[in-house]
Amino acid sequence: MALALGVDTGGTYTDAVLVRDEREVIASAKSLTTRADLAIGVGRAISAVLAEAEIAPDQIGLASLSTTLATNALVEGHGGRIALIYVGFRESDLEKHGLRDALKGDPALVLAGGHNHAGGEKEPLDTEALEAFLKSHEGISGYAIAAQFATRNPAHELEVARVVAERTSIPVTCSHHLSAKLNGPKRAVTAVLNARLIGMIDRLIGRAQDQLKEQGISAPMMVVRGDGALMSAEQARERPIETILSGPAASIVGARWLTNADNALVSDIGGTTTDVALIRDGKPAIDPAGAQVGGFRTMVEAVAMRTHGLGGDSQIHVLTEGLRGGVFLGPRRVLPVSLIAAEAPEVVHAELDEQLRATTVGEHDTRFARRVAGIPAEGVGPREAVLLDRLGDGVQALSKLLQTRMEHGALTRLVDCGIVQVSGVTPSDASHVLGRLDDWDANAAHKALELMARKRVGSGEKLARSPEALAQMIVDQLTEQTSLTLLEAAFAEEVDGFGLAPQELARHVLTHRGLAKHRGLIALDTAMNVDVVGLGASAPSYYPSVGERLHCNMILPEHAGVANAIGAVVGRMTLRRSGTVTSPAEGRYRVHLEEGPQDFSDSSAALKVLETALRGEAEGAVREAGAEDIRVTVERDIRTAKIEAQEVFVEALVTVEASGRPRVAVG
């Protein structure tokens, strides 16, 4: 019996599953995510799933992790202090191509050197300036190196990396190792982000491996890449940038495994976001422009994912304009009142009762704050420091915590830095009131919704006549916003466009009249013409109504709440390596290899040499990472031009993919 352990760290929960022989989920468990140290939540989830399955740890032959850490770190601007060495470019290119923004004040050296399109040296590498730069900068956690046309000839990147390694022993990222495509500035951004993540991902993987050992699990650990494939923990440490969108990618792999769907939209609702992606011909659609995260477009292959700030823990905003008013969800995540009440029941219930006794609804009713344990607060401003002292280590109502208007901004800054969390009414609270959830304190949720229902709208009437009516209003709004999200994704994936942006089409009057089956002089029918797979622990609560709204087949698979963790362990290990053959002169074909360009007089011979080199590299790397039953595929994209009625070779891109299942030890 071969058992595999999959773990996913989400915004609210860390999930763990045990899968037998890639065919059967035998146990699953959840633990609250510990943001200060994700590995603590990982350990708790593993302990819970082992206890549920009643198995010994030594029966596990493989462990795999999907994580949002890299994505969240780039979105929130976290990571180590790094330096960029930019070879062969101009100083102005740092501003022009957005590298200054990516560096966030970290140092950069623009260095003479680089190559031309054919792989020839443009000018010698200025090693003296490099040596002086390395001596004058301290406190660097990683170096990013990007040289002009390094994918045509990486000699200068490799030489800079050698010098940096000899002088500093600090991790180095070469841009040509992350992508074989042209576009030096974009490769430089990717290298900068990779260098910034190295220390953070290294610590997470190390701590996660420590947790496995403490549990008695000796199996090797894999990590999910942003395209849904698996990589070894060692590869993830070297190329952490490839783990961005790891969690959403794992959900797509899990959805495919759970449903065997060949073509479907997958909608994964978590605590913070709803992630939507397309399965086409049995595979997740890949973003051809590269993954975009934190405002930066990278050269990392990742699933084409549309993420919206809509989840079970989305903040509820009351719309008081108009006679009827209403609610709107997100995009910010807050702690559900029912959750913070479960953690500090005496404080929360006493404050909610006091607020209910008041004759008017207060600005901060239902809102509480707590400090996040383990998050350092060095460098905060004086107002933030005063708030932290006043807050202490407990839970406080915002009405008691905030004493001046100036402190509102200070609290927002503390929340943005992850030092403080605040509570508010969420869809999770509404589900507790409606009896769809019973995870936390339903009584506190009922009190919070009663307070919110008392708010007045434009007509002077209350927002809702009862907590139950408000809860249904919130769930209905979640249905509506989820439907818009899915419509937007579907319009964006249409092969033939409609002349308007997907956002406009999703909200167009004709779309919504069609969903309502309008019958007048014109008959309008609109429906989602593809199955939708609903994932996430709360999907069964919300998504049946979404299926009805869009007139589509809504698939809610068993184990939908832990699909990410399933996807973390059932995927394949896949490595792709790409290279180019160019023709710098008639009858000459140049292969661009790691060790430098090589010329041939025959295009077939050049392509064969490149393919052999890439095959050896890809197959060797995936085998070394622990894969077996390896399959290799080769794609050739040969571009030609017609000159005087003859087809002339211009350039070829060869991509070799080696894929296999991780080796699972049989217990």
Side-chain angles (χ1 to χ4, degrees), residues 10-13 30 32-33 35 267-275 307-319 325-345 348-349 351-352 355 361 363-370 372 395 397-398 411-412 415 418 420-455 463-464 466-482 485 536-543 545-546 561:
T12 303
Y13 282 108
K30 289 178 175 288
L32 285 172
T33 294
R35 288 176 173 254
S267 184
D268 185 1
I269 181 170
T272 308
T273 61
T274 293
D275 301 318
T307 298
H308 298 258
L310 178 66
D313 298 343
S314 289
Q315 183 176 352
I316 306 297
H317 304 275
V318 175
L319 305 177
V327 293
F328 185 81
L329 282 59
R332 186 179 287 271
R333 174 186 182 269
V334 294
L335 283 171
V337 176
S338 51
L339 174 56
I340 203 167
E343 297 176 358
V348 173
H349 278 283
E351 291 292 342
L352 290 174
Q355 292 166 5
V361 180
E363 178 185 2
H364 299 303
D365 281 3
T366 76
R367 308 276 281 167
F368 297 84
R370 71 169 185 196
V372 180
V395 171
L398 289 196
L411 178 62
T412 299
V415 171
V420 170
Q421 287 181 305
V422 297
S423 75
V425 175
T426 69
S428 295
D429 294 312
S431 292
H432 277 81
V433 169
L434 294 175
R436 299 181 181 184
L437 286 179
D438 60 358
D439 294 343
W440 305 314
D441 190 330
N443 189 26
H446 194 278
K447 292 178 181 179
L449 264 73
E450 183 177 345
L451 281 163
M452 181 174 277
R454 293 178 179 181
K455 292 192 174 184
L463 176 64
S466 67
E468 291 76 13
L470 176 57
Q472 190 60 54
M473 183 189 301
I474 291 169
V475 170
D476 290 345
Q477 182 61 26
L478 180 62
T479 298
E480 181 63 20
Q481 288 183 228
T482 302
T485 296
S538 60
S541 296
Y542 304 128
Y543 278 18
S545 299
V546 175

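Numbering starts at 1 and runs along the sequence shown.
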Output the distance between atom CZ (F368) and atom CG (L398), rounded to the nearest 0.5 Å. 8.5 Å

How close do G311 and P427 get, heavy atom to heavy atom, and via which atoms? O-CG, 3.7 Å

T426 side chain to S428 main-chain N or O, any donor-acceptor pair under 3.5 Å? yes

For residues G424 and V334, report the shortest heavy-atom separation together with the two atoms involved. N-CG2, 3.8 Å

Can you tell me how far the CH2 atom of W440 sits from the CD1 atom of I340, to the nearest 0.5 Å? 11.5 Å

Nearest heavy-atom pair of S541 and R436: which atoms, and what distance? O-NH1, 2.8 Å

Show your working on side-chain contact (heavy atoms from CB on, under 4.5 Å) between Q315 and R367 and close with a plain yes or no. CA-CA 11 Å; Q315 183 176 352; R367 308 276 281 167; 3.5 Å; yes

Partner residues of D441 under the side-chain contact (heavy atoms from CB on, under 4.5 Å) criterion, sequence neighbours left out: A341, H349, N443, A444

Can you tell me how far the OG1 atom of T485 sits from the CD atom of E480, to the nearest 0.5 Å? 10.0 Å

Once you round to the nearest 0.5 Å, how far does CG of L339 lie from OG of S423? 9.5 Å

Acceptor/donor pairs from residues 470-478 side chains to any protein atom, 3.5 angstrom cut, sequence neighbours excluded:
from	atom 1	to	atom 2	distance (Å)
Q472	NE2	D476	OD1	2.9
Q477	NE2	Q481	OE1	3.0

Side-chain touch V361/L451, heavy atoms, less than 4.5 angstrom: no

Exercise: identify the closest heavy-atom pair between T482 and S267: CG2-OG, 4.5 Å

Side-chain donor or acceptor of H317 paired with backbone N/O of G330 under 3.5 Å: yes

Near R332 CZ, under 6.0 Å, is it more than 12 heavy atoms from other residues, nucleotides or ligands? no

Report yes or no: does D313 contribute a side-chain atom to a donor-acceptor pair with the main-chain N or O of R333 at less than 3.5 Å? no

Give the C-alpha distance, both sets of side-chain angles, the deciding distance and a yes or no for side-chain contact (heavy atoms from CB on, under 4.5 Å) between L335 and R370. CA-CA 10 Å; L335 283 171; R370 71 169 185 196; 3.5 Å; yes

Closest non-hydrogen atoms of L449 and V425, given as atom of the first, atom of the second and distance, are CD1-CG1, 3.5 Å

Measuring from atom CD1 of I269 to atom OH of Y542, what distance do you get when rounded to the nearest 0.5 angstrom? 6.0 Å

With distance as the sole test, does T274 use its side chain to make a donor-acceptor pair with the main-chain N or O of L310 at under 3.5 Å? yes

With rounding to the nearest 0.5 angstrom, report the OG1 to NZ distance, T366 to K447. 13.5 Å

Is it true that a side-chain atom of K30 and a backbone atom of A537 form a donor plus acceptor pair closer than 3.5 Å? no

Which residues share a side-chain contact (heavy atoms from CB on, under 4.5 Å) with A469, sequence neighbours left out: A464, R465, S466

Mind listing the closest non-hydrogen atom pair of V395 and A344 along with its distance? CG2-CB, 3.8 Å

Identified side chain to side chain donor-acceptor pair (under 3.5 Å) partner of T307 from the options T273, D268, D275, T272: D275

Check the pair H446 / H432 against side-chain contact (heavy atoms from CB on, under 4.5 Å), numbers first and verdict last. CA-CA 8 Å; H446 194 278; H432 277 81; over 6 Å; no

